[in-house]
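Working notes, beginning with the structure itself.
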Amino acid sequence: MVDSNLQRETVLPSERAFAYKMKRDAIERKKGRPKNVGQVVPDYFGKRTTEVVADGTGESYKQVQRFIRLTELIPDLLEMEDNEFYLSHLADGTSNSNGCLFIDCRNSEGFSDENTIIYVHHMASGKMFASLIRYVEQEYYEAHPVMYLSVEGKTYPLELFAGYTTTEDSSAYRMQFDTSHEFAEWLREISAKSDFTANIRLTTENRIVTLSTCAYSFENARYVVHGRLVELDEAAE
């Protein structure tokens with residue numbers, strides 16, 4: 001099971017870390033050694049446990065050790081490691097300075113959270129989300145009030161209703177809410193911050209997608225645009 005997980009086309013750093021840890025622990029249990037005892041494993045020709053794990057992976061045993069150390073991070077830091085990965089890699093894991101669009105690793109699948117966050121770079125070349133900051137202008141919003149999100153062969157309209165500059169730790173990045181009242185208050189809060197005016201009626205039944213990219217008006221600034229995810233049958237009405 002562990003080896004098959006590592007053979008997937010794209011493996012997140014945290015997934016690789018826990019897979020290596022599970023494999024290391026399994027080897028040590030097999031040899032009757034507790035995991036906190038020395039590293040040399042009997043019957044493996046004097047190899048370290050992490051050297052045995054590294055065999056066939058293309059990683060050095062030191063790199064395996066580094067991955068295993070990731071499992072000791074607190075969850076928020078581990079999630080940050082995963083989010084950072086796609087800022088410099090494509091979806092297939094290929095290194096690329098442009099990175100790719102990716103959903104925050106803390107979000108649930110299927111846009112089931114109240115707010116799903118999609119990140120991507122703001123490139124000086126105009127690629128990726130460079131045009132996102134143009135939503136500071138009412139005219140730009142009126143010319144581009146809807147985006148289209150393609151996921152697994154399906155296309156969903158995203159009706160934009162707010163865009164503004166914020167900080168990387170602001171409430172814009174909140175994903176789940178304990179009550180519908182909290183969610184409604186959050187919708188009112190982010191709508192009030194918007195650089196543009198949109199005539200979209202929001203309810204707590206809506207699912208929000210937040211597009212986030214870098215901004216440069218102050219250190220660690222972000223520009224976010226919030227949109228209401230429209231189901232296909234609703235868009236056809």
Side-chain angles (χ1 to χ4, degrees), residues 1-110 112-113 116-123 127-129 152 167-170 173-176 210 212-214 219-222:
M1 178 67 73
V2 172
D3 287 333
S4 63
N5 285 342
L6 289 171
Q7 296 304 314
R8 294 199 339 257
E9 186 173 294
T10 303
V11 182
L12 292 174
S14 63
E15 293 175 320
R16 190 176 298 277
F18 281 102
Y20 286 161
K21 181 178 184 296
M22 289 174 64
K23 193 169 183 178
R24 182 204 66 182
D25 291 349
I27 291 169
E28 291 179 343
R29 284 195 301 271
K30 184 176 181 181
K31 296 303 176 182
R33 300 171 61 97
K35 64 183 179 181
N36 58 347
V37 176
Q39 294 180 307
V40 176
V41 180
D43 301 329
Y44 277 106
F45 306 103
K47 285 185 176 181
R48 299 167 182 265
T49 308
T50 47
E51 286 180 297
V52 178
V53 174
D55 284 348
T57 67
E59 308 272 16
S60 69
Y61 81 87
K62 289 187 176 180
Q63 185 66 11
V64 168
Q65 288 176 337
R66 294 187 188 102
F67 272 110
I68 292 174
R69 289 193 198 105
L70 285 178
T71 66
E72 301 170 3
L73 295 175
I74 61 174
D76 284 348
L77 289 179
L78 192 57
E79 288 157 358
M80 186 181 298
E81 176 72 20
D82 287 345
N83 280 339
E84 292 290 332
F85 181 76
Y86 288 111
L87 289 174
S88 56
H89 293 77
L90 301 180
D92 63 1
T94 303
S95 178
N96 187 292
S97 60
N98 288 331
C100 66
L101 280 74
F102 63 94
I103 293 175
D104 194 296
C105 60
R106 295 166 294 181
N107 273 124
S108 304
E109 294 184 0
S112 56
D113 292 328
T116 297
I117 303 165
I118 298 177
Y119 301 97
V120 78
H121 278 305
H122 170 187
M123 305 300 291
K127 295 180 179 179
M128 312 309 282
F129 271 5
E152 297 180 346
T167 58
E168 59 184 346
D169 58 353
S170 75
Y173 298 97
R174 185 171 179 181
M175 300 172 196
Q176 297 99 13
T210 297
S212 173
T213 195
C214 298
E219 186 175 0
N220 294 324
R222 299 291 185 270

dist R222:CZ -> Y173:OH (nearest 0.5 Å) comes out at 6.0 Å
Name the residue from I117, I118, D113 that meets the side-chain contact (heavy atoms from CB on, under 4.5 Å) definition with D104.
I117
Taking side-chain contact (heavy atoms from CB on, under 4.5 Å) as the test, write out the residues that go with D169, two or more places apart.
T167
Given Q65, which of V53, T49, T50 fulfils the side-chain contact (heavy atoms from CB on, under 4.5 Å) condition?
T50
Sidechain-backbone polar pair: R174 side chain, Q176 backbone, donor-acceptor under 3.5 Å:
yes
Kindly write out the residues that satisfy side-chain contact (heavy atoms from CB on, under 4.5 Å) with S60, not counting sequence neighbours, or none if the list is empty.
K62, Q63
Please identify each residue that fulfils side-chain hydrogen bond (donor to acceptor under 3.5 Å, both in side chains) with T210, with sequence neighbours left out.
N115, H226
